[in-house]
Amino acid sequence: MLQKSSPKMKYLVVVILLLTLGLSYASADCIMYDECSRSPTDNPINCRYNGPAKPLNNQKSLSLLRSFCPEIASGSSGDVVTCCSERQIETLSIQMDRAGLLLRRCPACWKNFRSMFCNMACSPNQSLYLQATSFDESVNTVTSVNYNISSNFAHTFFNSCKGVSHGNGKAISAMCGSVSVESCTVKDVFKFLGSPAENPYAPFDIKFSLEDQCFTIDGKMHCPMNESSVQCHLGDRERGVAACSCSDCQAVCPKNQTLQTIRNPGRCWNRRLVHCHGCHLRLILSRLRRLEHLFLCSNAP
Ligand SMILES: *[C@@H]1O[C@H](CO)[C@@H](O)[C@H](O)[C@H]1NC(C)=O
Ligand SMILES: *[C@@H]1O[C@H](CO)[C@@H](O)[C@H](O)[C@H]1NC(C)=O
Ligand SMILES: *[C@@H]1O[C@H](CO)[C@@H](O)[C@H](O)[C@H]1NC(C)=O
Ligand SMILES: CC(=O)N[C@H]1CO[C@H](CO)[C@@H](O)[C@@H]1O
């Protein structure tokens with residue numbers, strides 16, 4: 001009897017062990033909330049705040065947030081909690097408008113870009129993948145963060161945006177720092193986006209780390225930000241994201257078609273016409289043309 005039930009027992013023991021070991025998820029909280037000072041480049045710097053996300057009740061802020069972060073503001077009014085204040089939403093909206101000028105023409109890329117910054121700034125799950133790494137105690141601000149992103153999301157974001165056209169070039173060239181578009185990688189883009197020394201719109205140092213798995217910090221489980229990302233040639237119909245055009249996404253472009261062999265000047269013969277057996281009119285035409293070809297050929301020098 002004991003033997004029979006032992007696999008189940010083992011399973012139970014493992015579960016209980018895990019529970020008592022206390023390998024729990026870090027609580028999904030905020031690490032920042034609201035704006036407490038400004039950077040030398042006049043970007044707002046966020047306040048340090050370790051606590052639960054706060055309700056967002058202001059209708060105007062709510063609809064603004066819905067317009068660029070629909071996933072985060074998806075609950076009905078009164079249920080939405082965020083780690084960003086009304087003032088931060090205003091700031092985010094200005095920054096999104098600016099980035100939109102570059103990326104909006106490719107909806108999939110634009111969606112991924114927004115998801116990345118919406119989750120960083122506003123998600124109530126912020127503390128799971130964002131860690132504050134330095135502070136300015138005098139004004140109670142966070143001065144650098146580490147942003148863990150799933151490498152799957154990061155690569156899809158980069159691949160969906162790298163082909164987006166802007167003027168005569170590529171939009172991504174504005175995010176590669178000193179690296180050329182041809183050799184620009186996802187790491188270069190993250191380095192640029194998170195570096196106030198290079199990017200005039202970065203408020204503080206953001207170190208992006210790409211992760212493939214969840215990890216523990218101080219015995220608590222953390223997982224990288226892994227919102228579903230959209231590939232530029234597929235789009236995402238369910239979420240209303242269209243695929244991008246060939247000029248913005250290489251994978252959409254038709255493959256090189258092998259040129260149908262048409263003319264062989266040496267024989268003075270149109271081979272396509274031979275395929276017209278089924279159709280009388282065409283057959284007749286083809287015969288006429290053959291005659292014409294023969295005629296022309298015989299007259300050729
Ligand atoms: C936060 O995490 C929970 C649990 O994983 C998830 O259900 C929820 O959708 C997340 N919220 C946002 C806004 O991403
Ligand atoms: C992220 O999501 C993708 C697709 O849903 C999944 O294949 C991958 O394992 C996830 N990565 C992490 C680190 O959770
Ligand atoms: C298409 O043709 C061009 C020029 O012949 C070539 O450089 C390119 O590699 C081809 N692309 C594919 C996907 O075959
Ligand atoms: C696996 C891991 O911990 N990756 C990074 C996520 O964030 C932490 C905390 O800041 C970094 O130290 C890690 O490099």
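Only heavy atoms go into these numbers, but all of them, side chains included; no hydrogens, no water, no symmetry mates. In listed order, ligands and their atoms are each counted from 1. All values derive from a computational prediction rather than experimental measurement.
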Just do the disulfide bond (SG atoms under 2.5 Å apart) check on Cys246 and Cys253 with the steps written out, would you?
CA-CA 5 Å; Cys246 168; Cys253 303; 2.1 Å; yes
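- No salt bridge links Arg114 with Glu227; every basic N to acidic carboxylate O contact stays at or beyond 4.0 Å.
- The protein non-hydrogen atom at the shortest distance from atom 14 (O) of ligand 2 is Asn226 ND2, 3.1 Å.
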Stepwise side-chain hydrogen bond (donor to acceptor under 3.5 Å, both in side chains) test for Ser127 and Asp29
CA-CA 5 Å; Ser127 65; Asp29 273 333; 5.2 Å; no
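- When non-hydrogen atoms are compared, ligand 1 lies under 4.0 Å from neither the backbone nor the side chain of Ala28.
- Remark: atom 2 (O) of ligand 2 lies closer than 4.0 Å to at least one protein heavy atom.
- With no hydrogens or angles considered, a side-chain donor-acceptor pair links Ser150 and Asn226 at under 3.5 Å.
- Atom 11 (N) of ligand 2 lies below 4.0 Å from at least one non-hydrogen atom of the protein.
- At a 4.0 Å heavy-atom cut-off, ligand 2 does not touch Cys214 at all.
- The atoms of ligand 1 that sit less than 4.0 Å from any heavy atom of Asn125 are 1 (C), 2 (O), 3 (C), 8 (C), 10 (C), 11 (N), 12 (C), 14 (O).
- A salt bridge is absent between Lys170 and Glu182: the closest approach of a Lys/Arg side-chain nitrogen to an acidic carboxylate oxygen does not fall below 4.0 angstrom.
- The single protein non-hydrogen atom nearest to atom 4 (C) of ligand 2 is Asn152 ND2, 4.0 Å, given as residue, atom name and distance.
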Checking side chain to side chain contact (heavy atoms under 4.5 Å, CB included) for the pair Arg105/Val164: CA distance, chi angles, key distance, verdict?
CA-CA 8 Å; Arg105 51 178 287 147; Val164 178; 3.9 Å; yes
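- Protein heavy atom closest to atom 13 (C) of ligand 2, with residue, atom name and distance, is Asp212 O, 3.0 Å.
- Contact between Cys223 and ligand 2 is absent, with no heavy atom of the residue lying under 4.0 Å from the ligand.
- A salt bridge does not link Glu86 with Lys60: every distance from a Lys NZ or Arg NE/NH1/NH2 to an Asp or Glu carboxylate oxygen is 4.0 Å or more.
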